Amino acid sequence: MMTAYCLSPAGLLLAEVSRWESMGGGLRPKEGDNSAWEILAVIGGCAVLAAAVWWLLTRFTDIGRARPNSPRKLFAELCSAHGLDAANRRLLAKIARWQRLKHPARLFMEPERFETVNLSPQLAASREQVEAIRKQIFAPPPSGTE
């Protein structure tokens, strides 16, 4: 009866189970292995690799740098250069929004944008303040500073 059991396909498979179990024995960690150190080494290697990639990207691309040609930054710098206070800056920003300017710094190059016909009714009500800003922006420089 034993012979019949061993000759059946199921019997052959059962006889080989112990051999299959020992095939992966070298892959299993043995007692006392420092597998935690191996995991930490892999994590550390990944962190070093990620830091190197980040450094290369920030060093050789525009990632992480302020855009030098930002319309908002240029507008803010021009307002500072002309000595405009916060209230006048807000008024200029309203004019730029009303005129749907993609680059609000155009207000510093085109004096016609301050004319009443180019202002909303609310902005036209602040005509005196708008005119004062226009004069401040487009006033000739003081003599002797050129």
Side-chain angles (χ1 to χ4, degrees), residues 2-115 118-126 129-142 144-146:
M2 181 79 153
T3 309
Y5 177 74
C6 288
L7 294 178
S8 71
L12 288 174
L13 288 175
L14 288 175
E16 297 293 323
V17 167
S18 65
R19 189 181 272 178
W20 290 346
E21 284 180 6
S22 66
M23 285 177 65
L27 301 175
R28 292 189 194 106
K30 296 172 183 70
E31 277 194 49
D33 276 358
N34 294 327
S35 61
W37 289 110
E38 292 172 2
I39 292 171
L40 286 175
V42 169
I43 291 172
C46 290
V48 168
L49 180 65
V53 168
W54 174 82
W55 181 80
L56 287 171
L57 284 175
T58 56
R59 174 81 168 95
F60 297 109
T61 65
D62 287 337
I63 296 173
R65 291 187 204 153
R67 288 182 48 201
N69 57 352
S70 167
R72 291 178 63 176
K73 185 176 178 182
L74 177 60
F75 178 75
E77 288 176 0
L78 287 169
C79 286
S80 293
H82 286 278
L84 298 174
D85 62 8
N88 288 337
R89 290 178 189 209
R90 283 191 300 273
L91 184 59
L92 275 181
K94 286 179 185 179
I95 293 170
R97 277 193 303 273
W98 170 257
Q99 296 178 8
R100 293 187 176 101
L101 297 177
K102 185 176 180 180
H103 298 281
R106 289 178 58 187
L107 292 172
F108 291 87
M109 298 180 297
E110 302 168 354
E112 64 274 6
R113 297 207 171 263
F114 293 91
E115 295 174 4
N118 293 326
L119 302 174
S120 70
Q122 293 83 11
L123 293 171
S126 304
Q129 188 180 0
V130 171
E131 184 61 27
I133 294 171
R134 187 190 67 73
K135 286 180 181 177
Q136 189 171 350
I137 291 173
F138 294 103
T145 59
E146 290 184 37

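Predicted, not measured: the structure shown is a model, and the values here were computed from it. Counting begins at 1 with the first residue of the sequence.
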Determine, stepwise, if the pair Val53 / Leu56 fulfils side-chain contact (heavy atoms from CB on, under 4.5 Å).
CA-CA 5 Å; Val53 168; Leu56 287 171; 5.7 Å; no
What's the verdict on side-chain contact (heavy atoms from CB on, under 4.5 Å) for Leu107 and Gln99, showing C-alpha distance, side-chain angles and the deciding distance?
CA-CA 10 Å; Leu107 292 172; Gln99 296 178 8; 4.1 Å; yes
Working to the nearest 0.5 angstrom, can you tell me the gap between [X] [atom1] and [Y] [atom2]?
X      : Y      : atom1 : atom2 : result
Glu115 : Arg134 : CD    : CZ    : 8.5 Å
Glu131 : Ser126 : CD    : OG    : 13.0 Å
Phe75  : Glu77  : CZ    : CD    : 12.0 Å
Leu78  : Arg89  : CG    : CZ    : 10.0 Å
Gln136 : Asn88  : CD    : CG    : 6.5 Å
Leu92  : Ile95  : CG    : CD1   : 5.5 Å

Which heavy atom of Phe138 sits nearest to which heavy atom of Phe108, and what is that distance?
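Between these two residues, the closest heavy atoms are CE2-O, 3.4 Å.
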Between the main-chain N or O of Glu112 and the side-chain N or O of Asn118, is there a donor-acceptor pair closer than 3.5 Å?
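Looks like yes, one N/O pair under 3.5 Å.
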